[in-house]
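Whatever order the structure lists ligands and atoms in, that order sets their numbers, starting from 1. These numbers were taken from a predicted model, which means no experiment stands behind them.
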Amino acid sequence: MKAVVYYERASGAVEIRDVPIPAWGPDECLVKVKYCGICGTELHLYHGQLDLLANPPVILGHEWCGEVVEVGERVKGFRPGDRVVSETAAYTCGTCSYCRAGEYHLCPERLGFGYGVDGAFTAYVHARAVLLHPIPAEVSYEAAAMCEPICVAYNALFEKSRIRPGDTVVVIGPGPIGLFATQLARLAGAGTVIVTGTGKDRARLDLARQLGADYTVVVPDEDPVALIKRIGDGMGAHLVVDSAGTGPAVKQAIDLVRRNGQITKIGFALKPLNLTLDELVTRGVTLQGSFSHNWRTWEAVLELLRLGRIQTEPLLSAIMPITAWREAFEQLESQQAVKILLHPVD
Ligand SMILES: [Zn+2]
Ligand SMILES: [Zn+2]
């Protein structure tokens with residue numbers, strides 16, 4: 001089968017290779033991939049920016065769904081033909097404190113699909129059955145392939161942060177995770193939702209308004225701090241979700257958050273930040289990271305998708321074969337596209 005492989009720890013070390021269909025273990029299913037979304041993670045890997053995590057040669061891709069074709073002898077509850085979407089923690093130890101408490105996404109030995117072990121920019125993936133969730137009949141494969149970034153946003157907003165009805169929420173960065181965070185903040189009853197981006201993000205900011213943002217701000221041309229002072233008591237946002245991760249984004253988050261407010265960081269900066277955190281102290285602000293997701297979050301997100309409460313179609317820019325991975329990566333880096341799904345080729 002053809003696969004998009006990150007083959008060594010070097011910038012640009014990605015190519016299509018022919019690889020064998022993998023074997024599956026007694027507790028695993030073999031799944032025929034329907035779609036696999038491209039995430040910022042793959043772009044970082046491509047540029048050699050996540051080499052501490054990467055385990056090349058490895059097939060890229062972690063946002064995937066498909067159809068069960070083979071079932072290991074100890075697997076219960078799945079049959080060939082089942083439509084499934086997979087979590088990303090391909091390997092976890094099962095015995096550490098986090099695994100035992102169901103927080104396996106924080107297992108120190110976690111290996112994710114698409115960097116630690118082979119992912120889904122290919123035709124078949126073997127996966128532990130405990131990672132698989134049945135896709136409800138109401139949910140398309142296209143929507144299911146976007147479950148993962150929705151779960152990232154859900155974990156940040158509801159497992160790590162608290163939103164009360166009426167709260168002012170700022171989302172920095174209108175990529176897929178930011179756009180899903182916008183929708184989830186709305187669902188949670190947020191008062192005013194503001195999404196900020198740069199000049200390159202104008203189309204994505206239009207989408208953010210369509211998906212529930214009250215205001216969008218193009219930085220640095222427009223000043224979100226001036227805007228936030230006009231909202232509610234003028235003291236700032238209850239929650240700032242940083243899905244951009246850059247140094248200026250963190251500085252902006254500190255400027256926008258209210259006293260006793262929360263900043264939840266999802267985006268990677270990849271570089272040291274040249275800024276002081278003293279204001280977090282004097283203003284009693286909580287700054288925290290949010291990573292990945294676990295079973296409970298996936299089930300909640302699938303239920304929201306089943307009920308039609310989260311929109312995925314407006315984010316879907318294109319569906320392309322895995323052989324067009326380079327063109328797809330370029331469209332995402334130039335911000336022409338929001339989310340691209342790849343499908344396998346024979
Ligand atoms: Zn992702
Ligand atoms: Zn563990």
Side-chain angles (χ1 to χ4, degrees), residues 4 6 27 33 35-47 49-50 53-54 58-66 85-121 125 127-128 130-131 133 142-157 159 173-181 183-184 241-245 265-268 270 289-295 297-298 301-302 305 310 312 315-317 322 325 328-329 332-333 337-342:
V4 181
Y6 181 63
D27 298 306
V33 177
Y35 297 119
C36 185
I38 306 172
C39 173
T41 311
E42 281 77 48
L43 303 178
H44 289 317
L45 282 161
Y46 175 51
H47 291 296
Q49 293 163 327
L50 291 178
L53 299 173
V58 68
I59 301 170
L60 295 174
H62 64 273
E63 300 181 355
W64 64 283
C65 59
V85 60
S86 177
E87 296 189 32
T88 55
Y91 172 80
T92 49
C93 78
T95 55
C96 74
S97 312
Y98 296 95
C99 283
R100 283 169 190 262
E103 305 282 333
Y104 50 83
H105 54 306
L106 299 173
C107 171
E109 292 183 39
R110 176 189 186 276
L111 293 174
F113 286 115
Y115 70 90
V117 304
D118 283 338
F121 289 173
V125 177
R128 292 183 295 133
V130 292
L131 298 175
H133 297 254
E142 288 83 352
M146 287 193 238
C147 241
E148 200 271 342
I150 305 172
C151 289
V152 170
Y154 190 105
N155 190 72
L157 264 63
E159 296 295 341
I177 291 169
L179 293 170
F180 287 128
Q183 296 188 59
L184 290 169
V241 180
D242 173 13
S243 59
K265 245 181 89 49
I266 312 174
F268 282 104
L270 301 171
S290 175
F291 179 71
S292 198
H293 28 65
N294 63 7
W295 182 265
T297 292
W298 280 78
V301 167
L302 281 163
L305 286 172
I310 303 175
T312 55
L315 282 78
L316 179 56
S317 308
I322 56 166
W325 67 271
F329 280 25
L332 289 165
E333 288 190 328
V338 180
K339 180 58 78 181
I340 297 179
L341 305 182
L342 298 181

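When ring centroids are compared, Trp64 and Phe113 come within the 6.0 Å threshold.
For the Zn ion (ligand 1), the neighbouring protein N/O/S atoms at less than 2.8 Å, given as residue and atom, are Cys39 SG, His62 NE2, Glu63 OE2, Glu148 OE1.
Listed for the Ser317 side chain is a donor-acceptor partner under 3.5 Å among the backbone atoms of Val338.
There is a side-chain donor-acceptor pair under 3.5 Å between Glu333 and His47.
Separating the CD atom in Glu103 from the OG atom in Ser292 is a distance of 11.0 Å, to the nearest 0.5 Å.
To the nearest 10 degrees, the Zn ion (ligand 2) sees SG of Cys93 and SG of Cys107 at an angle of 110°.
Glu109 places none of its side-chain heavy atoms less than 4.5 Å from the side chain of Thr92.
Applying the ring-ring contact (aromatic ring centres under 6.0 Å, His included) test between Tyr46 and each of Phe121, Trp325, Tyr6 identifies Trp325 as the sole match.
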